[in-house]
2 protein chains.
Amino acid sequence: MSQASRLKQAIEDAVIAGEFQPGDRLDEASLAERFGVSRTPIREALLQLGAEGFIDVRPRRGAIVSVPSPTRLFEMFETMAEIESACGRLAARRLTPDNDAAMEAAHRACEAAARNGDSEQYYADNRNFHEAIYRASRNSFLADQAFALHKRLSAYRRIQLRARNRLLQSLQEHAGILEAIRAGDEQLAATRLHDHVLVQGERFSDMVLGLSPPGQSPAESRRETAK
Amino acid sequence: MSQASRLKQAIEDAVIAGEFQPGDRLDEASLAERFGVSRTPIREALLQLGAEGFIDVRPRRGAIVSVPSPTRLFEMFETMAEIESACGRLAARRLTPDNDAAMEAAHRACEAAARNGDSEQYYADNRNFHEAIYRASRNSFLADQAFALHKRLSAYRRIQLRARNRLLQSLQEHAGILEAIRAGDEQLAATRLHDHVLVQGERFSDMVLGLSPPGQSPAESRRETAK
DNA sequence: ATTTCTGATCTTGCATACAATTAATATATG
DNA sequence: CATATATTAATTGTATGCAAGATCAGAAAT
């Protein structure tokens, strides 16, 4: 495989792992040195990540890890909610034994992690659970879109799973989602997934609220635009 | 602005305009000559377009305009249907006078084009109408996703608007969508948009059916997966 | 003390050169 | 004549060099 592809993955992983935080500068020269290559493949990797919306490449001003505004972040979670609920709707309509089993297995893993209060493990298993739902939509294109957005939001999702009660609540919501999909209730599956995802966005917004200047609350601006 | 950005736009436009058709090879050297630049910015543009899914860059084997399989194409239309219906749902919930006026204006333009049987003009106005709905969702991130997918599908949508009766039917569907959004009926708006988009995918599938090998019908494979 | 200019420095954008891999063509072989 | 193989040509991937714009520091001015 080409250098650029590997580098793209490596940089993306570093961002997801939180090694580069939102706002951090991704300077070509130092990345080139770090990975022992020239600037060319680094540039190519950065531009691709930029095109995917993962980072922000500003002409002549270098690349930084995106810092979405609170409003933007809420919009991203809302979009994730819509896409996930679409996956859930299709999954309820098309569920196969394979996909059912995959979701079940992922759910069990989440359960175990939650029982141990291991939020890092839950974070990983939670991702598998959601990805199982994406696949269960049996629309690989939609699933790809869902994966991509899920990754972009991972940095913001991780933080809030720290709280133990949120872990248990999340698990219960998962159970409800599974139930609805198995019952073939498209509407219910869609609604439950939508709420499950959106509550994360809202929780995160509330958290950001404490750090960001007043009057900039995403929740407020949402209600405002919601009329 | 940088060369690469302009080139990216230029190549994308050429693809949308149908100058490069699905399957065509996008060779770096000839593009460089055509635009009077070196291969470097061309490569950067191609890699970005590849990351956006607009073209297909195969390692060591050059870039081609994507040739989605019939199944993949159907999945893309289905995803578009889900995203558009999400836009419609939010638009119905949050409609403002500004957005209402914009949709109305776009609808009027479609009407005029349809009356004249000018399918090229209708194609352009139709796009404006849909974009007005995306914006009316008041979620700029979701709207961006919708724009992007709309562009990717444009090559496949254009062909089928040639038929005059489809033009008139499309127009009527638009009217129904507008009505639902204005009534604030989220569910109805979502359903009508979903069907409006999906019928395009199905029509296109039927068209492709004639050209593709038997047993590969996207409609069939869909029904199959739908169980 | 704060702001504005000016030059020095650093970083990015593009071109060119070369290396590595794939595709094409010719040649050999059954 | 078809198939396999070797050689050549074409194309992509990476490195390097240089020019142009951005950033920063310090001096001058308000």
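Below, read A as the first sequence line, B as the second, and so on, with proteins coming before strands; counting in each chain starts at 1.
A donor-acceptor pair under 3.5 Å is formed between the side chain of S137(B) and the backbone N or O of N139(B).
Closest contact between the side chain of T40(A) and the listed nucleotides dT14(D), dT11(D), dC14(C) involves dT14(D). For S38(B), taking side-chain heavy atoms from C-beta onward, the closest of the listed nucleotides dT12(C), dC14(C), dA15(D) is dC14(C). For A4(A), whose side chain is taken as the heavy atoms from C-beta onward, the closest listed nucleotide among dG13(C), dA15(C), dT14(D) is dT14(D).
Nucleic acid contact class of R43(B) (heavy atoms, under 4.0 Å, all strands): base. When heavy atoms are screened at a 4.0 angstrom cut-off, S2(B) is found touching the sugar-phosphate backbone but no base atom.
Position along DNA chain D of the nearest nucleotide to A29(B) versus R39(A) favours A29(B) as the more 5'-ward residue. Residue-to-nucleotide proximity on DNA chain D shows that, of G62(B) and V37(A), the 5′-proximal contact is made by G62(B).
A straight line from CZ of R61(B) to P of dG13(D) spans 11 Å, rounded to a whole angstrom. A straight line from CG of L46(A) to P of dT14(D) spans 14 Å, rounded to a whole angstrom. In this structure, CG of L47(A) is placed 11 Å from C1' of dT12(C), rounded to the nearest angstrom. We find that CD of E28(A) is positioned 18 Å from P of dC18(D), with the value rounded to whole Å. In this structure, the CD atom of E44(B) is 15 Å from the P atom of dT12(D), given to the nearest Å. If you take CZ of R58(B) and P of dT22(C), they are 13 Å apart, rounded to a whole angstrom. dA20(C) atom P lies 9 Å from atom CZ of R60(B), rounded to whole Å. As a whole-Å value, the separation of I42(B) CD1 from dT11(D) C1' is 15 Å.
The pair R34(B)-E19(B) meets the salt-bridge criterion, since a charged nitrogen lies less than 4.0 angstrom from a carboxylate oxygen.
Side-chain atoms of H107(B) and D125(B) form no donor-acceptor pair, as typed in the model, at a separation below 3.5 Å. E84(B) and H130(B) form a side-chain donor-acceptor contact under 3.5 Å, judged by distance and modelled atom types alone. For the residue pair R72(B) / S140(A), a side-chain donor-acceptor distance below 3.5 Å is found, with atom types taken as modelled.
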